Amino acid sequence: MIHLPAHLDEVSSFQAVEIFQAAKALEAQGRSVIHLEFGEPDFPTPEPIHQAAVRALGEGKTRYCHSMGIPEFREVIADYHNRKYGLELSPDRILVSMGTSLLMQLLMLLLLEKGDQVVLTDPTYACYANFVRIAGGEPVFVPIREEDGFQPDPEAVRRAITPRTRAIVVCSPSNPTGVVLRPEVMRGLAALGVPVISDEIYHGLTYGGAEQSILGITDHAFVLNGFSKYFAMTGWRLGYLIFPRPLLPAVMKLHQNIMISANEFIQYAGIAAMNEAVPICEEYRREYDRRRLFLVQRLDEIGLPLQYEPSGAFYCFANASRYGSDSIALAKDILERTGVALTPGVDFGRGGEGYLRFSYANSMENIGEALDRLEDYLKSREAKRSTG
Ligand SMILES: Cc1ncc(COP(=O)(O)O)c(C=O)c1O
């Protein structure tokens with residue numbers, strides 16, 4: 001018998017992946033499936049990024065490199081942030097590694113001792129709570145509601161803070177809601193005196209005005225960011241952490257042990273992304289926006305109206321509780337009957353139960369077809385309800 005630690009029991013699996021696997025099984029039987037369950041850009045990685053990686057491979061950039069990231073890449077990241085947000089960030093506050101997920105884990109190992117707490121919203125990105133648990137910590141959830149625009153209330157967060165609280169996690173634009181946090185909410189959270197971990201991986205994907213970095217408000221914060229979403233680079237596994245300068249020795253020590261260094265040639269691709277690919281990614285953003293407006297309108301027409309503005313990322317979080325309070329059962333039934341794959345809201349916490357997450361990282365044509373199928377499904381549910 002191999003003994004596994006008890007805290008692994010608390011780590012939940014990802015329902016989006018389970019739905020994806022069920023969808024794949026249907027496809028294998030020859031069924032037509034439309035995937036709106038995954039948070040992955042459907043656009044290709046822009047060509048200049050590709051070319052930079054190939055060039056770097058040709059030049060033999062395939063070795064271990066500086067544990068914090070190659071110096072020229074960290075300079076480029078600092079410049080990108082300084083230009084975009086009007087900051088004065090120095091490259092020695094940046095750690096480059098292989099994706100935001102890994103960096104989030106490293107951050108929890110940096111901050112937490114057994115029993116320490118991290119405040120999260122509910123609903124929130126599913127992996128955060130698991131990273132806290134894996135590091136021996138305890139997630140503490142503060143509900144956010146659609147009628148408040150899914151904006152956290154800093155006063156409610158204050159009430160959740162205890163002497164064991166080590167951080168508050170925010171994600172704006174948000175997964176799963178697509179909400180961009182209001183500046184006064186960010187300021188209110190930053191004023192609570194607890195370090196803020198700001199997951200800014202959806203920055204760049206906003207449709208109603210620029211988003212704000214937590215670093216424009218406070219330096220008592222950590223920023224997580226990566227290339228998966230805006231730059232359409234999910235499979236490249238590239239991200240970075242920005243941390244308060246005094247933590248450099250501790251951050252470096254942890255990363256040296258966990259990863260030695262990030263992939264060398266992929267960091268050259270990251271340089272090309274920030275220096276050359278923005279015009280292409282802006283085209284992608286405009287297309288996401290067209291899809292977003294269409295999806296919001298169609299959700300309204302089919303009886304799943306949103307009461308909030310999803311103005312970032314590529315998600316809408318629709319309340320489907322009139323069709324059942326069990327979102328896993330509902331998502332499975334929709335998949336079985338229509339071939340439309342959606343993520344059950346409960347994947348993002350108890351506060352997401354009754355909701356379905358729609359990703360519009362799919363073509364307009366597929367979104368249109370998916371919503372037509374869903375409309376028929378919901379109509380037949382309504383018809384059964386009125387006759388039954
Ligand atoms: C909010 C959020 N953070 C982080 C990630 C993971 O990012 P990465 O691909 O950099 O590991 C995701 C992926 O869906 C996400 O939605």
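One-based numbering, in listed order, for ligands and for the atoms of each. Just so you know, these numbers come straight off a predicted model, no measurement behind them.
- Side-chain contact between Val170 and Ser172: absent, with no pair of heavy atoms (C-beta onward) separated by less than 4.5 Å.
- Taking the centre of each ring, Phe73 and His66 stay at or above the 6.0 Å mark.
- Near ligand 1, residues Gly99, Thr100, Ser101, Tyr125, Tyr128, Cys171, Asn175, Asp199, Ile201, Tyr202, Ser228, Lys229, Arg237 come within 4.0 angstrom through at least one heavy atom.
- Counting non-hydrogen atoms of other residues, nucleotides and ligands closer than 6.0 Å to CD of Glu147 gives a total above 12.
- The shortest distance between side-chain heavy atoms of Arg55 and Tyr268 does not fall below 4.5 Å.
- A chain of hydrophobic side-chain contacts below 4.5 Å, direct or via other Ile, Leu, Val, Met, Phe, Trp or Tyr residues, connects Leu181 to Ile214.
- The environment of CZ in Arg63 is sparse: at most 12 heavy-atom neighbours from other residues, nucleotides or ligands sit within 6.0 Å.
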